[in-house]
Amino acid sequence: MTRHTTAHYFLEALVEIGVDYIFANLGTDHVSLIEELARWDSEGRRHPEVILCPHEVVAVHMAMGYASATGRGQAVFVHVDAGTANACMAIQNAFRYRLPVLLFAGRAPFALHGELPGGRDTYVHFVQESFDQGSVIRPYVKWEYTLPSGVVVKEAVARAAAFMHSDPPGPVYMMLPRETLAETWDEQAMPAYPAARYGSVKAGGIEPERAQAIADALMKADNPIALTAYLGRSAEAVSVMERLALVCGIRVAEFNPVTMNICQDSPCFAGADPAALIAGADLGLLIDIDVPFIPQMLKAADRLRWIQIDIDALKADIPMWGFATDLRIQGDSAVILRQVLEIVVARADDAYLRKVRDRIASWQSAREAAQAKRTSAAGQKGRTGAINPAYLFARLQAHLSEDDIVVNEAVRNAPLLQQQLRRTRPMTYVGLAGGGLGFSGGMALGLKLANPSTRVVQIVGDGAYHFAAPDSVYAVAQQYQLPILTVILDNNGWQAVKASVQRVYPDGTAQRTDSFLSRLCTGRQDEQRRLADIASAFGAHGERVDDPDALDAAIERCVAAVDGGRAAVLHVDITPL
């Protein structure tokens, strides 16, 4: 009778649930897994490919990028409580993105005197034991479990996968004690738990009566609008939304978008300012969006009738949400919008279609004014040492294709990026969903891993660049041949910190004395900020540009480096804060 360690059956379980990659920052808790991987390699047995990440924030964000592109959750291995703590910020982002991630952490051994294989054999095993390791990450995972015995490892992994992929998807967390991984079990005690019988639960459509009610409301409205942020996690949803918007004459705005939700060349695309739309609207749709506007800034929204369609309508993990809706529907927006579209198409007569065409035509002047504003902003180059971000984004737009994936962590300049760096195809834009900065480097690597023939562009502020563990980002990019293009927007600090103080204390002492504790430079003559050198240390092409007239040539060199298989970093001195 054949016996193997729990680690062996754990790896089998990952294969059975379809895991392609293990993004890992390993420690003493992973000895049985390392041994088993080595044995599988020696036998020529297939297992998920291991991507070593020198920092956990990169490992989790890589898993998120891969899941964003493929819809399939991957495994992340971290080291006991310390690795869990390092991963926590990234897991918070995964939770807010609603992306599936399997986070596995070891547990400090519990056997002190050599009673069991894998027991404590070094100093660190004593100081890394905590009373409640899961509490570090519990608010940001859908499911948490400590593997009690190897005999249930396959069932536990299948259960974890079911939770992470069930709508709304999200990260899960399992702790693996070292002694448990080292246990041995007979093969007969380890049946498989196939997804067909133990898998995830998916959201669907709605009953005909509610679909009819939404269609009725849209067809009666004279000026319907829609606000969305993450509808575009499904390319099908984007297609249906664009068709429904054209058939019903709906203006669609993206407020803090997480994905590309509607082609920005569509006549129904209305930018990123909900206030401009709400003022004249008589019906509003909230579709897959967490924060449609800031309530205290937009009191006029209270008068509007709102219909909410969302994979996560209640926002149960946001303690206070605060947006009134008259019809609240939880489900798959692609399915629900298709149901509504079919009803509208069946009912629409010539008079209705003519009214909608006239309505869409009436928006042309507003679209032309918005284009003129964009063009004017992009035409202002700035000066040496203070390049205008709008000009930078416009020049990037000129050098990128519509298939390139843009990861937007420009923070305060993010809305400006959305205006100038326009996206027209689904799955080509990723914005910030969570509360943790530093996501874009690892996310870009994960997207590149899933889309090896696609150019991936990370745009990040200098403050957020520090949070992203950039040395780890470019070490991984080099080791696994994942060339990404990084554009650093250097305004010498955290503009968001300064702006937040100004909003609350517009005439305060900080404003009068320009003391915001947000600058990351001193102005000393000997000071250096060679951010691209971090990437160059790991074989990437790196350069800095402070002259707007040198920008195009610098972008061309960086794009050529990436297309040649080498990561590139362009450090741009923009208007300082």
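Of the listed residues (Val78, Val136, Ile137, Val76), just one forms a side-chain contact (heavy atoms from CB on, under 4.5 Å) with Ile91, and that residue is Ile137.
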**OP:** Would you please test Arg455 and Asp403 for salt bridge (Lys or Arg N to Asp or Glu O under 4.0 Å) and show each step?
**Re:** CA-CA 8 Å; Arg455 192 184 294 140; Asp403 293 316; over 6 Å; no
Original post:
So Thr5 and Leu181, side chain to side chain contact (heavy atoms under 4.5 Å, CB included) or not? Walk me through it.
Top reply: CA-CA 7 Å; Thr5 64; Leu181 287 174; over 6 Å; no
**OP:** Please test Gln128 against His79 for side chain to side chain donor-acceptor pair (under 3.5 Å), starting from the C-alpha separation and ending with a verdict.
**Re:** CA-CA 10 Å; Gln128 285 181 332; His79 178 48; 3.1 Å; yes
**OP:** Take Leu231 and Leu337, measure what side chain to side chain contact (heavy atoms under 4.5 Å, CB included) needs, and give me the verdict at the end.
**Re:** CA-CA 11 Å; Leu231 171 146; Leu337 293 177; 3.8 Å; yes
**OP:** Run the numbers on Thr486 and Tyr474 for side chain to side chain donor-acceptor pair (under 3.5 Å), then give the verdict.
**Re:** CA-CA 10 Å; Thr486 300; Tyr474 302 108; 2.8 Å; yes
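The backbone N or O of Leu531 lies less than 3.5 Å from no partner atom in the side chain of Arg544, so there is not a single donor-acceptor pair. With hydrogens and angles ignored, the 3.5 Å screen pairs a side-chain donor or acceptor of Gln133 with a backbone N or O of Gly106. With hydrogens and angles disregarded, a donor-acceptor distance shorter than 3.5 Å links the side chain of Glu242 to the backbone of Cys263. A donor-acceptor contact shorter than 3.5 Å links the side chain of Glu409 to the backbone of Ser440. Within the 3.5 Å criterion, the main-chain N or O of Tyr140 finds no donor-acceptor partner in the side chain of Gln92. With hydrogens and angles disregarded, a donor-acceptor distance shorter than 3.5 Å links the side chain of Asn451 to the backbone of Leu447. Remark: side-chain polar atoms of Tyr173 are not paired, donor with acceptor, to backbone N or O of Lys142 under 3.5 angstrom. Side-chain N or O atoms of Gln420 include none that pairs as donor or acceptor with a backbone N or O of Ala394 at under 3.5 Å. A donor-acceptor contact shorter than 3.5 Å links the side chain of Asn261 to the backbone of Ala229. Side chain of Arg566 to backbone of Gly539: a donor-acceptor contact under 3.5 angstrom is found.
The pair Glu43-Arg39 counts as a salt bridge, with a side-chain nitrogen and a carboxylate oxygen less than 4.0 angstrom apart. Between Asp81 and Arg107 there is no salt bridge, since none of the side-chain N atoms of the basic residue sits less than 4.0 Å from a carboxylate O of the acidic one. A salt bridge links Glu12 to Arg45: one of the charged nitrogens lies within less than 4.0 Å of a carboxylate oxygen. Electrostatic pairing of Arg98 and Asp290 counts as a salt bridge here, judged by a charged N lying under 4.0 Å from a carboxylate O. Using a 4.0 Å cut-off between a side-chain N of Lys or Arg and a carboxylate O of Asp or Glu, Arg96 and Asp317 do not qualify as a salt bridge. Under 4.0 Å is where a charged nitrogen must lie from a carboxylate oxygen, and between Glu402 and Arg423 no such pair does. A salt bridge links Asp20 to Arg72: at least one charged side-chain nitrogen sits closer than 4.0 Å to a carboxylate oxygen. Between Asp552 and Arg395 there is a salt bridge, with a side-chain nitrogen of the basic residue lying less than 4.0 Å from a carboxylate oxygen of the acidic one.
Crowding of Glu35 atom CD: a count of heavy atoms from other residues, nucleotides or ligands under 6.0 Å not exceeding 12.
Atoms OG1 and OH, on Thr259 and Tyr97 in that order, are 10.0 Å from each other to the nearest 0.5 Å. To the nearest 0.5 Å, atoms NZ (Lys202) and CG (Asp167) are separated by 4.5 Å. The distance from atom CZ of Phe10 to atom CE of Met174, rounded to the nearest 0.5 Å, is 7.0 Å. Rounding to the nearest 0.5 Å gives a distance of 7.5 Å between CD1 of Ile318 and CG of Asp312. To the nearest 0.5 angstrom, Met164 atom CE is 3.5 Å from Leu102 atom CG.
Closest heavy-atom contact between Phe538 and Asp471: CE1-O, 3.6 Å. Of all the heavy atoms in Gly438 and Val57, the pair that sits closest is O-CG2, 4.5 Å. Across every non-hydrogen atom of Pro169 and Pro100, the tightest pair is CB-CD, 4.2 Å.
For the residue pair His47/Asp41, the side-chain donor-acceptor check at 3.5 Å is satisfied. In summary, the side chains of Asn25 and His55 do not present any donor paired with an acceptor at a separation below 3.5 Å, with no hydrogens or angles considered. Side-chain N/O atoms of Asp533 and Ser536 include no donor and acceptor closer than 3.5 Å. Checking Tyr230 against Asp310 by side-chain atom types alone, a donor-acceptor pair falls below 3.5 Å.
Among residues two or more places apart in sequence or in another chain, the ring-ring contact (aromatic ring centres under 6.0 Å, His included) test is passed with His8 by His4, Trp40. When the side chain to side chain donor-acceptor pair (under 3.5 Å) test is applied to Ser333, the partners found at least two apart in sequence or on another chain are Asp288.
Classified by interplanar angle (parallel below 30°, tilted 30° to 60°, perpendicular above 60°), the ring pair Tyr193/Tyr198 is perpendicular.
Taking the six-membered ring for Trp and the full ring otherwise, Phe23 and Phe77 have centroids separated by 6.0 Å or more.
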